[in-house]
Amino acid sequence: MGEQPFFSTRAHVFQIDPATKRNWIPASKHAVTVSFFYDANRHACRIISVGGTKAIINSIISHNMTFTKTSQKFGQWADSRANTVYGLGFATEQQLHQFAERFKEVKEAARLAREKSQDKMELSTAALSIAAPQFSQDLCDELQSPPVMCVNGPEDKLFRSQSADITLSSEKERIKKMLSEGSICEINLEAELFSLQDSNAKLVAALHEANANVEQWKKQLAAYQEETDRLRDQVTDLEAHGAQGPSDMMKDELTQSLEELENLLKAKDEEIRILQSKKSNFHELKQEREEAIHRLQELEMRNVELERRVQNAEQNLTSALEDRERAENEVQRVAQILDIKIFDLNDLRQSLVQLISK
């Protein structure tokens, strides 16, 4: 049967920068088709998107994948097989919601298929365990035999070094988690910045078009004003000559034309005022963009600080490992000394026994 698409949408495709793991790299210059495909032979689903002659997304959906909405029109998911993170920017919030719901359904289907496969493997394992119970019992008896411990003092020192090692490891994991959360926030801000840049470009294009229309309307307005002045001059000449009869009809027509031109001038003035208000909205959007860039810079400074703390934690961990190694060497040295002392005591005991027997 082959693979069959069962859901498609259009979106801008992005991939995480493999070098920094923070910035988004556009994988398509414009919105492309993103489709869910079902493979009936392997009973698996994957997301495919083709830009030109190259596949920019080829991601097999597994049970442990998660699609995260990072903004109203942007979402992302990580693909461990491809060793990357994919991001999709949609035109509307409804398209993002539909894609997220479809991703959730496919993920649930993959989870159920995995559970069925695990049930089959458990049945096979149970059959093997029934076939060789005695061998497993003997092996468990050998593995469960307790070891003999002779020394107590250095063992406490080794336990304390291991506890310090675990504490430093947990501190390092906590700092790394904080750093990853900061990176996710930075990615979300970059996605919002991309949306603002897209809106900014649209507003700039609309503003240029409006400016061109304003220039054209200004030329028309100047022409209408010249026509109005000419008509007013004609009305003034007619009034000066005191013409009667048919000239009164012409005067009325000229007055009506003059009123129409004045109404048209008022309408053009209103359009110019609306365009000027749009221009002020453009300045507000530009200010929001600058604020987002400022927030992004602050987040980068915070990430630098977190990286410095991680380096300090790694240095502390290295020193702790060195202390642990020195403690282990000390334990071995003490154990050797104790072995020698025990051997000497045994010799002394045997000598005393021989002496007493004589």
Does some side-chain heavy atom of L275 sit less than 4.5 Å from a side-chain heavy atom of E271?
-> no
Correct closest heavy-atom pair for F90 and R10 would be CD2-O, 3.8 Å
Does some side-chain heavy atom of P18 sit less than 4.5 Å from a side-chain heavy atom of I25?
-> yes
Plane angle bin for W77 and F103 - parallel if under 30°, tilted between 30 and 60°, otherwise perpendicular = tilted
Considering only heavy atoms from C-beta outward, does the side chain of R309 approach that of E305 to under 4.5 Å?
-> yes
Verify side chain to side chain donor-acceptor pair (under 3.5 Å) between E298 and H294, making sure each step is shown before the conclusion.
-> CA-CA 6 Å; E298 291 180 351; H294 180 67; 2.8 Å; yes
Between E270 and K266, is there a salt bridge with N-O shorter than 4.0 Å?
-> no
Option from K107, R114, R81, R46 for which side chain to side chain contact (heavy atoms under 4.5 Å, CB included) with S62 holds = R81
Verdict with reasoning, R273 to D269, per side-chain contact (heavy atoms from CB on, under 4.5 Å) = CA-CA 6 Å; R273 187 184 63 79; D269 290 337; over 6 Å; no
Are side-chain heavy atoms of R349 and L345 found at a separation under 4.5 Å?
-> no
Measure up the F36 and F6 rings against each other and bin them: parallel (under 30°), tilted (30 to 60°), perpendicular (over 60°).
-> tilted
Can E215 and K219 be counted as an ion pair, charged N to O under 4.0 angstrom?
-> no
Residues E330, R333: salt bridge by 4.0 Å N-O rule = yes
Do Y38 and V106 touch side chain to side chain, with heavy atoms closer than 4.5 Å?
-> no
Indicate yes or no: at least one non-hydrogen side-chain atom of L231 is less than 4.5 angstrom from one of L261.
-> yes
For residues R302 and L299, determine if any side-chain heavy atom of one lies less than 4.5 Å from a side-chain heavy atom of the other.
-> yes
State, with a plain yes or no, whether a side-chain heavy atom of R22 is found less than 4.5 Å away from one of N303.
-> yes
